[in-house]
Amino acid sequence: MLIKGHVYKFGNNINTDVIYPGKYLSITADREEMAKHCFEAVHPEFLKNANPGDIIVGGKNFGCGSSREQAATCLKYFGVRAVVAETFARIFYRNAINLGLPVIIAPGITQQVEHNDDIEIDLLIGIIKNMRTNEIIKAKKLPDFILKIVTNNGLIPYLKKKLGILGN
Amino acid sequence: MISMNKTIAEKILARASGKKVVSPNEIVMARVDVAMSHENADVVLRSFKEIGVKKVWDKERIVILFDHRIPADSERTAATHRRLRTFAKEQQIKYFYDLRQGICHQVLAELGHDLPGEVLVGTDSHTTTHGAFGTFATGIGATEMAGVWATGELWLRVPESIKINVDGKFKPCVTAKDLILHIIGILGADGANYQAVEFHGETISHMTIASRMVLSNLPMEMGAKVAFVPPDEQTIAYLKKRTDKHFQVILPDQDVEYSGELNINVSSLTSQVACPHSVDNVKPVSEITGLKIDQALIGSCTNGRLEDLAAAAEILEGKTVHPDTRLLVIPASRRVYLEALHKGYIEIFVRAGGLVLNPGCGPCLGAHQGLLAPEEICLATTNRNFKGRMGSPEAFVYLASPGTVAASALKGEITEPC
């Protein structure tokens, strides 16, 4: 599974309050509306400069803080194709997987990839290629079980299959 | 070689997954004993409907209550509350507490839902709090909670465990809050990422249940998955008053190999404060004494319990809050509120010029009730000081103990509690 995209880069400890402000938590169902508020309060430039299809590259502890699933949902429905980070905080990591938003741990990624680079992620093998420098960055391969959820587009389709529930 | 000496986390997850032994890094399917959600049960509900299962797996193991935005801050929240009331009725959810009880992390303990050896998942990051009773308690997302509602189980990676030994006697006015802030300052915002934390040592043995809950509440701010205080006689006495359910105390084996150990002696610890904009930016209060504050906030799942209100009332009794500072007090639960009324604390807060708000999360997460304007400074007993967390992204939130916040409210500037 190859994922290609333009890099939008952040630093360390990007927390879920920053990704999705608390004042919009009352939006519980409309995912397109959630997407309109990604990074709105602290990094409003994201909504102006990022594009659907981009890949977010973060530093250490990406997604720390609150368990709000909207933080992963808003990125997915904005059109973010994947998030690559040095490390992730655990609940954001789980939420992204369960929503079918690929999250890849790649130690050293912030040294090897710059804002606006184009990268290509091979999810099955666990490598990332920087198209500007042609460098190959080794990522942590997702455990098979988690890969199965991500490639099924999240936990809901996965569970429907498992429980034998058909259709949408 | 797989070690046969097991941590609390490994023992509970082995039991919950029906295995003899499990080891760190293994992914298991764990049976859930308690599944808790607040307003975000509305997000869960949407996913639950998408799965297409008609009935929840066990109507007696799901707890739903409202605490994040009560009473409703908007029509939208009112609609969320209404949808969930209907859902709880339709599904005959046994433990649906509506907006009557207070903050989930206090209420579940008070009402006997936190049991040693069980697996409790909550759609709230501070679910680690329940580990104060030896419960494997962890925060999860809404979609996976929908999976739990449908099937009663979820995948968990077995965590490595860090042992934190705490010895020594606290100085006057130094509390569990100062201790856990100090620990987060040492280990950092991701210092316990994906890991279990076990608190041991004589200081912990002597600590009240409420203080142990402060210790288990905040390790989430260094990334921890669960945070245990091994149950003892005090834990069992607390639980026996609140439930007649059977439970099994699970303790770690002797000679467990922990992934990390931290030894702390609290005898010389002073009052601490987490400075903007991260919880690991911790300094002794003495380093920032004199900083003017616009708002002082006492409450939250971290520090809204009776002993917290008692510490604040002792400092505020017969005095008046500084004219340039506003004081907000939010009891963590209805029960705490009633006890504080009975003991006269509420009258002390009101006479001092404080606003006493209804039990709930209040402004902690930036939804309503006391948000900050640009450039304002708030000193709070809450758990997060992220940029934009409590209103304007141009505001500043500092975190400290209830005593520090109360004393600072009187002076209008950050000061030592005594």
**Q** Counting only non-hydrogen atoms closer than 4.5 Å, does B:Thr151 touch chain A with its backbone (N, CA, C, O), its side chain (CB onward), both, or neither?
**A**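 Side chain of B:Thr151 only, per the 4.5 Å heavy-atom cut-off to chain A.
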
**Q** Between B:Ser47 and A:Arg31, what is the shortest heavy-atom contact and its length?
**A**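 That would be OG-NH2, 3.9 Å.
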
**Q** Which answer fits A:Ile27, side chain, backbone, both or neither, if we ask what part of it has an atom under 4.5 Å from a heavy atom of chain B?
**A**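 The answer is both parts of A:Ile27.
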
**Q** Tell me whether A:Lys76 at atom NZ has more than 12 heavy atoms from other residues, nucleotides or ligands lying less than 6.0 Å away.
**A**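 Check passes, neighbour count above 12.
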
**Q** Quick one: of B:Val44, B:Asp124, B:Ile51, B:Leu365, who has the most non-hydrogen atom pairs under 4.5 Å with chain A?
**A**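 Most pairs with chain A among the choices: B:Ile51.
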
**Q** With rounding to the nearest 0.5 Å, note down the distance linking CD in B:Glu144 to CD in A:Glu69.
**A**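 That separation rounds to 7.5 Å.
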
**Q** Would you compute the distance between atom OG of B:Ser125 and atom CZ of A:Arg90 and round it to the nearest 0.5 angstrom?
**A**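 Rounded to the nearest 0.5 Å, the OG-CZ separation comes out at 9.5 Å.
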
**Q** Among the options A:Asn98, A:Leu163, A:Asn95, pick out the one with the most heavy-atom pairs lying under 4.5 Å from chain B.
**A**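 Result: the option with the highest number of such pairs is A:Asn98.
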
**Q** Using heavy-atom distances under 4.5 Å, tell me whether A:Leu25 contacts chain B through its side chain, its backbone, both, or neither.
**A**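 A:Leu25 touches chain B through backbone and side-chain heavy atoms alike.
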
**Q** Can a donor-acceptor pair be found, under 3.5 Å and without considering hydrogens, that links the side chain of B:Arg46 to the backbone of A:Ala29?
**A**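 Pair found, side chain donor or acceptor close to backbone of A:Ala29.
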
**Q** To check you understand the geometry: which heavy-atom pair defines the closest contact between A:Ser67 and B:Asn40, and what is its length?
**A**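 So the minimum-distance heavy-atom pair works out to OG-ND2, 4.5 Å.
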
**Q** Sub-4.5 Å heavy-atom contacts with chain B: which residues of residues 132-153 of chain A show up?
**A**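 A:Pro143, A:Phe145, A:Ile146, A:Ile149, listed by number.
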
**Q** Let's go through B:Ile140 and A:Ile91 carefully: what are the C-alpha distance in whole Å and the side-chain angles of both, what is the deciding distance for side-chain contact (heavy atoms from CB on, under 4.5 Å) to 0.1 Å, and is it a yes or a no?
**A** CA-CA 6 Å; B:Ile140 65 169; A:Ile91 308 181; 5.6 Å; no

**Q** Please classify the contact of A:Thr73 with chain B as side chain, backbone, both or neither, using a heavy-atom distance under 4.5 Å.
**A**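 For A:Thr73, neither part sits under 4.5 Å from chain B.
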
**Q** Kindly determine whether B:Asp42 and A:Thr28 satisfy side-chain hydrogen bond (donor to acceptor under 3.5 Å, both in side chains), including the steps that lead there.
**A** CA-CA 6 Å; B:Asp42 204 21; A:Thr28 54; 2.7 Å; yes

**Q** Distance check, rounded to the nearest 0.5 Å: A:Asn12 atom CG versus B:Asp190 atom CG?
**A**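 A:Asn12 atom CG to B:Asp190 atom CG measures 8.0 Å (nearest 0.5 Å).
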
**Q** Heavy-atom distances under 4.5 Å only: say whether B:Thr143 touches chain A with side chain, backbone, both or neither.
**A**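 Both backbone and side chain.
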
**Q** Does A:Arg94 reach the side chain of B:Leu156, with side-chain heavy atoms less than 4.5 Å apart?
**A**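 Contact flag for A:Arg94/B:Leu156 side chains = yes.
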
**Q** Check the surroundings of atom NZ in B:Lys55: do more than 12 heavy atoms from other residues, nucleotides or ligands lie under 6.0 Å from it?
**A**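 Yes - once you tally the heavy atoms of other residues, nucleotides and ligands closer than 6.0 Å, there are more than 12.
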
**Q** Taking all atoms of both residues into account, what is the closest heavy-atom pair of A:Asn13 and B:Ala189, and its distance?
**A**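 Smallest heavy-atom distance, with atoms named: OD1-CB, 4.0 Å.
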
**Q** Given that the side chain runs from C-beta out, which part of A:Tyr93 has a heavy atom under 4.5 Å from chain B: side chain, backbone, both or neither?
**A**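 It is the side chain, since no backbone atom gets that close.
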
**Q** Heavy atoms only, distances under 4.5 angstrom: which of B:Thr123, B:Asn383, B:Thr80, B:Val43 has the most pairs with chain A? Name it, please.
**A**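 Ranked by contacts with chain A, first place is B:Val43.
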
**Q** Of the non-hydrogen atoms in A:Val18 and B:Lys387, which two are nearest, and what is the gap between them?
**A**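 The answer is CG2-O, 4.2 Å.
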
**Q** What pair of heavy atoms forms the shortest contact from B:Gly147 to A:Leu159, and how long is it?
**A**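 Scanning both residues completely, I find the closest heavy atoms to be CA-CD1, 3.5 Å.
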
**Q** Salt bridge (Lys or Arg N to Asp or Glu O under 4.0 Å) for B:Glu39 and A:Arg68? Distances and angles first, verdict last.
**A** CA-CA 11 Å; B:Glu39 276 89 341; A:Arg68 64 192 63 173; over 6 Å; no

**Q** Would you mind writing out the side-chain donor-acceptor pairs for residues 218-227 of chain B within the sub-3.5 Å range, not counting sequence neighbours?
**A**
residue  : atom : partner  : partner atom : Å
B:Glu221 : OE1  : B:Arg384 : NE           : 3.1
B:Glu221 : OE2  : B:His126 : NE2          : 2.6
B:Glu221 : OE2  : B:Arg384 : NE           : 3.0
B:Glu221 : OE2  : B:Arg384 : NH2          : 3.1
B:Lys225 : NZ   : B:Arg157 : O            : 2.6

**Q** Can any side-chain N or O of B:Asn193 pair as donor or acceptor with the backbone N or O of A:Phe88 at less than 3.5 Å?
**A**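 Yes, B:Asn193 side chain to A:Phe88 backbone: donor-acceptor pair under 3.5 Å.
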
**Q** Would you compute the distance between atom CG of B:Asp73 and atom OG of A:Ser26 and round it to the nearest 0.5 angstrom?
**A**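 One finds 6.0 Å between CG of B:Asp73 and OG of A:Ser26.
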
**Q** Please report the closest heavy-atom contact between B:Glu50 and A:Lys160, naming both atoms and the distance.
**A**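 Between these two residues, the closest heavy atoms are O-NZ, 2.8 Å.
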
**Q** Could you give the distance from CZ (B:Phe386) to SG (A:Cys64), rounded to the nearest 0.5 Å?
**A**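 Interatomic distance, B:Phe386 CZ to A:Cys64 SG, rounded to 0.5 Å: 4.5 Å.
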
**Q** Counting only heavy atoms from other residues, nucleotides and ligands, does the tally under 6.0 Å from CD of A:Glu45 exceed 12?
**A**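 Check passes, neighbour count above 12.
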
